[in-house]
Amino acid sequence: MSEIREIDIPVGATPQKISQMLENFEDVHGERMVVQMGPQHPATHGVLRVELETDGEMIMKATPHIGYLHRCFEKTCESMTWQQVVAYTDRLDYCSSANNNLGYVLACEKMFGIEVSERVQTIRVLVSELNRLASHFIAIGTYGLDIGAWTPFLYLIQEREHILDLFDRLCGGRLLLNYMRIGGLTHDLPDNWLKEVHEYLSYMEGKLDEVNSLLSYNKIFVERLANVAIISEDMCIKYGLTGPNLRGAGKKWDLRKNEPYCGYETYDFDIPVGDGEVGTIGDCWDRYIVRVKECEQSMRIIKQATERLEKMPGDDVLAAIPKSMTKVAPGEIYFRTEHPKGELGFYIVSNGKKFPWRLKCRAPSFSSLSVMSAVSPGLLIADMVALIGSIDIVLGEVDR
Amino acid sequence: MTWLDLLIAVACVAGVLGFISVVALVAIWTERKISAHIHDRLGPMETGGFHGWAQTIADMVKLLQKEDIIPDAADKPLFKLAPYIVLSATIASFVVLPFGAHLIGTDLNIGIYYLVAISSLEVAGILMAGWASNNKWALFGGMRSASQMISFEIPIGLSLLIPIMIVGSLSMQDLVGAQAGGFWNWGVFSHLPFAMIAFIVYFWASLAEVNRTPFDLPEGESELVAGFHVEYSGMRFAMFFLAEFANMFLVAGVAVALFLGGWHAPFSFLEISAESNVILHNLVGFFWFASKGMVLLFIQQWLRWTLPRLRVDQLMHVCWKIFLPFSFVNVLIVSLWIVLTQS
Amino acid sequence: MGLIEGRFEPNIIVTSTDAIFNWARSRSIWPLTFGLACCAIEMMATNASRFDLDRFGIFPRPTPRQSDCLLISGTVTAKMGERLVTLYEQMSEPRYVISMGSCANSGGPYCDHGYHVIKGVDQILPVDVYIPGCPPRPEALIDGFLKLRDLIMKETIAKPSA
Amino acid sequence: MTIPEIFNILQEKFPEAELVLEENNPDPIIRAKCEAIADISLLLRDDPDFSFDSLMCLSGVETVEEFQTVYHLYSMLHNHKVTLRAGGTKEEELIVPTVSHIWPTADWHERESFDLFGIKYTDHPDPRRILLPDDWVGYPLRKDYEPQKTWHKIPLTAIDYKEEDNGDES
């Protein structure tokens, strides 16, 4: 009869420590079960496949396999004109297309030295913050769904629908906007649109408190997430986790403040960080609550942007769009912006021709996902679901 | 045995079976409607006209004629057997449920004992399903289900002991009969607050027993895809589905019979005495029993759409470290009370 | 099915059975909870409160065994194509396939240069309904389901007339 | 610290790394010999004056003459950036030492650039393809890449309806 041993995992042990302990721990029967989570699995947020090696319900090793949605974005862009690429950036992270557009057009504008008017910048800020809101609503909602709470998901999707209505009026698209152009926008704001944004803001007042009372501070929800899958600040930087994940680990880091673009330095907003309110800094709950708090800040920015636009005299949003982009300046640039999922970087190489020579998208989710195999040893399967949800990945962006 | 006895027996079986199917069909429909209204939407609206009343019927007819797939690598006999065991365990438990003064399959003198014993057969069926499917998610679901149901049997059993001790009988009709004459006589209000605690423990533990949120781990959609019935299709899946909803009513019915006055009305003037009209007496009793059961069913569904799901270790924590000590102390105090007051 | 399908001449019993079966099948289309790409977000939105597919009895199931309809919501890549066929094979008859969005219909924007994208899911699966759009609006998805419903209503278990 | 300053220090410390400062770009780029990349990276991360703790991006590039790996580094502490580049001619396989032990995020980025460009990384802990299936032929982001027609019997080309129509008529 073999002796049954137990591993004592000390409270607050680092993931590396746990994984080391598990390596040293030999399974009594030498049997581990390999379970494939995905690509068709409700909790993987798309077509991610995670190969889990489990002992009972405890995960010994998790290997993410990606590429099930590899749509050849980078190759396609090499055959598209500079302006046409904007439509493809929409489909990177399909939950927040305006933010993708913004990252790409800003990179191109910086490279080709195009200056846009203040009004265009403000409209861009407004639209991308609205989209950040929509993206965070999906992140929060589906996270609730992962933990087993259905209702908050549907409520948040409902609030998101109102934003989509605004987009619908703005550019005809609900999900994929394709609204920005290198040097400007596709067209000006529709009549009364700013008034509708105002109406939406007043409608949203207090809704986030409802989310907090229904979900964030629900006892079961907190119990499920507190002290689970802790990713420390150091680890975040090493693995390239950015955005809400890094802020959830307690680092006050936001490109909108630290490397301002698009006039973000003139807006008044805070950077929410995780503070270990219910558990340890950098646990799943912290990463989650940072998103909720960011929604509030986004609404503040939207409010300021709308007020500015109302006062601003109208101008031609197409004025700075280059008439022809068949001959451009050669060179290369790496430009990054704050995307709802983290830092979205575009590395663009131009050889002076009509098409980009090379376009690499540094997708935030791609880097975030790479931390998974380092964090997961020692988690239960249910925690794994919580981990995947808390780093908020979108597979369109991971696989590109 | 005369022809009449046989006829009555057949009628009983038909009645119970009919009741179970009707309850399950209605419960599935109400579940969808209630969830929809909680979610700020409408739920089934098209099928059959009025608020999609025929939705469950359409679902069942469709499931009935779906292809029945038995995975090649599955343990075929067990795979085929599992849904029958689950469903028959549920149906067999209904035999001792007192729907009215005379509306009971059979009033065994060990009725509640029989019920607890038979209803835990279900775990065998679920474990069988999880094992025989030869699917790892199903196995996880089966194991979770087995551990959860077996653990929660203990606080359930201890909580059921309280009314049994107070009444001093294991027969369901005796247990119900002791609660006659207005709601203040109901089991839940006797020996305050101990019977009340027992009722609360029983209700929560029974949620785990029937795999409802926050204890729906065996089929937790976001974790285990569909849990133990992940490989089941068509009618076999429908059986699990039916059994689940019938079970929900079963645990609600036990709670009603033991704690909420069974088929007695909340006020005695709402009842019709058995002397004046036996049939009417039974029908009114049935009405009260069913409506109390439905209220509990509604609470179960309400919780389902409000709460998130617990984790495995937390579930066990709730069972062994909270429910179990409470029930033990509860049993101790109530038995002391009974001993002291009787002596 | 299989046992009774295609065995009898069309007669009153067969046609009545048809009517019941088709009614049930078309009123209870359970799609697989399975999102591939951008269209999956619109699919989620359609399932959610405002559009509420549940009104038509459409109720997503997480496992292929219990679902009737494979809703291909997004770009199908070579790597995914293999799994998709497996998923389709795991579904029980009668089963239907809805191809949602340009990518699934024809490769869409990735048709010309997408070396890893399957240009049209109909090359690997039999598709019943195509929904155009990139991504289709929820109304279009609902329309797709209603088209599928019409399609199911025309089915019969009778022997096909020569 | 500006990039020329970083360049000067690096040139002192690594005289054999064939360091070149490419100044024809909006942002100057430091070019180094492939073999020296790992050592330079380690210094850049660990030296308190540099402390480049985050690797923003690692990308493979194909120019007309050569394959390259480009590293975009950033220091959260000092708030400065630098871009490194390592390259080799197309005639021979480009082999670069891995930096995944220095910045773990490089792990997946290196796998990706191997997957799409065929750039090899020595001592990489997990040198597999990442986005494409393991048995995929060719490196798609190379300019001379010919797409596969089928993979595992799955057709990867669009149906040419014109041809089919013509076939029916004749």
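Labels below follow one simple rule: chain letters A, B, ... track the order of the sequence lines, proteins then strands, and each chain is numbered from 1. Note that this is a predicted model, so its numbers are computed, not measured.
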**Q.** C/Pro138 and A/Arg174, any side-chain heavy atoms less than 4.5 Å apart
**A.** yes
Q.
Does any part of the side chain of C/Cys134, heavy atoms only, come nearer than 4.5 Å to the side chain of A/Arg91, both counted from C-beta?
A. yes
Q: Begin from the C-alpha positions of C/Arg50 and A/Asp165 and carry the test salt bridge (Lys or Arg N to Asp or Glu O under 4.0 Å) through to its verdict.
A: CA-CA 12 Å; C/Arg50 185 186 287 185; A/Asp165 281 350; 2.9 Å; yes
Toward chain C, the part of [X] with a non-hydrogen atom under 4.5 Å:
| X | answer |
| --- | --- |
| A/Asp168 | side chain |
| A/Ile66 | backbone |
| A/His162 | both |
| A/Thr142 | side chain |

Q. Hey, mind stepping through C/Ile41 and A/Cys95 against side chain to side chain contact (heavy atoms under 4.5 Å, CB included) and telling me if it holds?
A. CA-CA 8 Å; C/Ile41 306 289; A/Cys95 295; 3.7 Å; yes
Residue [X] versus chain A: region with a heavy atom under 4.5 Å:
| X | answer |
| --- | --- |
| C/Ala45 | both |
| C/Leu36 | both |
| C/Leu84 | neither |

**Q.** Donor-acceptor pair between C/Tyr115 and A/His70 side chains, under 3.5 angstrom
**A.** yes
Looking only at non-hydrogen atoms, find the nearest pair between [X] and [Y] and report the distance.
| X | Y | answer |
| --- | --- | --- |
| C/Pro135 | A/Leu175 | CG-CD2, 3.7 Å |
| C/Val117 | A/Cys72 | CG2-SG, 4.3 Å |
| A/Gln158 | C/Ser49 | OE1-CB, 3.7 Å |
| C/Pro62 | A/Gln40 | O-NE2, 2.9 Å |
| C/Ala48 | A/Ile157 | CB-CG2, 3.3 Å |

**Q.** Qualifying residue, where the test is side-chain contact (heavy atoms from CB on, under 4.5 Å) with A/Arg49 and the options are C/Arg83, C/Met80, C/Lys79
**A.** C/Arg83
Q | Criterion side chain to side chain contact (heavy atoms under 4.5 Å, CB included) on C/His116 and A/Arg71, from CA distance to verdict | A | CA-CA 6 Å; C/His116 190 227; A/Arg71 301 194 275 195; over 6 Å; no
Within this structure, what is the [atom1]-[atom2] distance for the pair [X] and [Y], rounded to the nearest 0.5 Å?
| X | Y | atom1 | atom2 | value |
| --- | --- | --- | --- | --- |
| C/Cys38 | A/Leu395 | SG | CG | 11.5 Å |
| A/Leu154 | C/Asn47 | CG | CG | 8.5 Å |
| A/Leu176 | C/Glu42 | CG | CD | 8.0 Å |

Q: Select, from A/Arg160, A/Glu161, A/Lys75, the one with the greatest count of heavy-atom pairs under 4.5 Å involving chain C.
A: A/Glu161
Q: Check step by step if side chain to side chain contact (heavy atoms under 4.5 Å, CB included) holds for A/Glu78 and C/His113.
A: CA-CA 9 Å; A/Glu78 288 171 11; C/His113 307 285; over 6 Å; no
Q) Are A/Tyr88 and C/Tyr110 close enough that their ring centres sit under 6.0 Å apart? A) yes
